[in-house]
Amino acid sequence: MKILKNDIFIKACKRKPVERTPIWVMRQAGRYLPEYREIRKKYDFLTMCKTPELASEVTIQPVNLINIDAAILFSDILVIPEAMGLELKILENKGPVFLNPVRDKNDFLNLKKINPFKDLKYVLDSITITKNILNGEVPLIGFSGSPWTLLTYMIEGGSSKNFGKVKKLIYDEPDFAHLILDFLADAVTDYLNAKIETGVDAVQIFDTWGGILSPDMFNEFSLNYIKKIISGIKIKDKPVIVFSKGAYFALENIAESGADVIGLDWTSDIGNVRKRIGEKAALQGNLDPAVLYASIDKIRKEASKIIDSFGYGSGHIFNLGHGIHPDTNPDNLKELVRFVKQYSVKYHKSEN
Ligand code: CP3
């Protein structure tokens with residue numbers, strides 16, 4: 001095992017002392033980078049995900065170009081349902097679509113139980129290659145969608161405005177929904193265990209659509225399965241991050257899930273959240289990605305507000321409150337990273 005040269009992201013996840021606040025951003029490997037678009041011109045998105053050399057190249061781009069403190073493996077949450085047999089198309093400007101979504105028990109019974117070492121071997125190969133090229137420079141984050149978020153795509157057949165089909169399912173046929181969610185939770189557990197065994201340094205569970213549920217439905221249909229996954233992770237010392245977008249009402253419950261880090265979107269004040277759950281978990285976030293459209297002065301001001309609000313001590317990983325927008329100027333992100341690294345030092349002085 002290579003020793004990490006920069007491990008402040010890992011230390012902050014465990015709320016250990018650091019000399020400054022670490023920063024990475026969701027969707028940092030992507031279309032806002034001209035260097036990504038250059039490769040993407042030649043290959044479609046899924047080919048890039050499935051070709052380990054290409055996936056590792058774009059994973060590493062933001063490390064070298066933006067000086068970020070952690071890499072996140074280039075892939076997609078939808079590779080799991082695809083491996084189960086749903087045919088996935090990523091349409092230009094429309095997003096992902098499943099041609100044969102799950103609509104009844106028969107469709108569910110046709111889903112394949114996956115073995116990540118076989119069916120998602122290309123992801124594990126990408127991890128091995130990326131770890132080799134990174135050579136301990138920064139940690140590598142692996143990720144999965146939460147069972148609930150995967151279910152929304154598998155039932156709706158793609159992105160959705162009101163989530164009518166998946167909501168009808170949980171209201172009218174909750175037992176059937178639980179059957180699929182349980183099946184997905186087992187697959188995600190195996191997948192994250194395989195990623196950790198192969199060498200990722202931390203994992204993030206993206207629960208992008210957690211916040212469309214009412215508080216009790218969130219506990220029943222999303223958080224329960226996230227808990228099941230976390231308790232099924234075999235190697236316990238790799239940080240687990242849970243990002244449930246829009247689920248500000250459930251932060252106390254999420255903090256009881258066993259997660260080391262709770263991801264926040266930009267609708268909550270990080271200092272207030274720290275008072276509520278800062279003793280239980282580290283916090284990740286939470287700059288509105290649209291701030292990166294603003295002037296450099298405004299970007300620095302908004303970033304400093306978040307760092308000031310969190311205050312003294314470790315346990316904060318700076319990030320955006322959701323993925324970076326594809327039309328962001330990369331120079332603005334680069335300046336954000338430089339600024340956070342410099343400005344946050346004063347909040348960590350007494351720790352070292
Ligand atoms: O963070 C990273 O840099 C790693 C890469 C990553 C991608 N998708 C690459 C991607 C990660 C972590 C994801 C997760 C993902 N995928 C989520 C959860 C996080 C979130 O943003 O809420 C979701 C909901 C998906 C499903 C998905 N994949 C959507 C909705 C889309 C289309 C949206 C869009 O931006 O066009 C994708 C495609 C996708 N995944 C792209 C990238 C870089 C764009 C594909 C392209 O190059 O054309």
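Every heavy atom of this structure was used, including side-chain atoms; hydrogens, water molecules and symmetry mates were not. Starting from 1, each residue takes its place in the sequence as its number.
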N/O donor-acceptor pair under 3.5 Å between [X] side chain and [Y] backbone:
| X | Y | answer |
| --- | --- | --- |
| T328 | I324 | no |
| K280 | E256 | no |
| E197 | L192 | no |
| S295 | K298 | yes |
| S257 | I254 | yes |
| T51 | M48 | no |
| Q342 | F339 | no |
| R37 | R31 | yes |

From [X] [atom1] over to [Y] [atom2], what is the distance, rounded to the nearest 0.5 angstrom?
| X | Y | atom1 | atom2 | answer |
| --- | --- | --- | --- | --- |
| T149 | D207 | OG1 | CG | 4.0 Å |
| L333 | L320 | CG | CG | 7.0 Å |
| F117 | K121 | CZ | NZ | 11.0 Å |
| I226 | F243 | CD1 | CZ | 11.5 Å |
| Y343 | I306 | OH | CD1 | 11.5 Å |

Evaluation steps, salt bridge (charged side-chain N to carboxylate O under 4.0 Å, His left out), between K89 and E87: CA-CA 7 Å; K89 291 261 175 303; E87 201 180 328; 3.4 Å; yes

Going through the distances and angles, do N286 and N319 end up as a side-chain hydrogen bond (donor to acceptor under 3.5 Å, both in side chains)? CA-CA 6 Å; N286 65 341; N319 203 315; over 6 Å; no

Check: K167/Y171 side-chain N/O donor and acceptor closer than 3.5 Å: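 There is no such pair between these side chains.
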
Are Y293 and D327 close enough that a side-chain donor and a side-chain acceptor fall under 3.5 Å? yes

Carboxylate-amine/guanidinium contact [X] [Y], below 4.0 Å:
| X | Y | value |
| --- | --- | --- |
| K228 | D182 | yes |
| K50 | E82 | yes |
| K334 | D331 | no |
| K11 | D7 | yes |

Show the numbers, then the answer: is there a salt bridge (charged side-chain N to carboxylate O under 4.0 Å, His left out) between K112 and D119? CA-CA 10 Å; K112 176 176 167 184; D119 304 310; 2.8 Å; yes

Whether [X] engages the ring of [Y] as a cation-pi pair (distance to the six-membered ring centre under 6.0 angstrom, angle to the ring normal within 45°) should be assessed.
| X | Y | answer |
| --- | --- | --- |
| R40 | F45 | no |
| K105 | F176 | yes |
| K341 | F318 | no |

Is there a side-chain hydrogen bond (donor to acceptor under 3.5 Å, both in side chains) between Y347 and D308? Walk through the geometry before answering. CA-CA 8 Å; Y347 285 104; D308 293 342; 2.6 Å; yes

Would you say the side chain of Y225 lies within less than 4.5 Å of the side chain of H178, judging by non-hydrogen atoms? yes

What I'd like to find out is whether the side chain of Q204 reaches to under 4.5 Å of the side chain of Q284, using heavy atoms alone. yes

So with a 6.0 Å cut-off around NZ of K234, is the heavy-atom count from everything else above 12? no

K236 atom NZ, over 12 foreign heavy atoms within 6.0 Å: yes

Walk me through whether K131 and D201 qualify under salt bridge (charged side-chain N to carboxylate O under 4.0 Å, His left out). CA-CA 10 Å; K131 282 291 289 180; D201 302 287; 2.9 Å; yes

Run the numbers on D265 and T267 for side-chain hydrogen bond (donor to acceptor under 3.5 Å, both in side chains), then give the verdict. CA-CA 6 Å; D265 64 36; T267 59; 2.6 Å; yes

Please walk me through it: do H348 and T21 pass side-chain hydrogen bond (donor to acceptor under 3.5 Å, both in side chains)? CA-CA 8 Å; H348 297 278; T21 304; 2.9 Å; yes

Does the plane of the ring in W209 sit parallel, tilted or perpendicular to the ring in F163? Use 30° and 60° as the thresholds. tilted

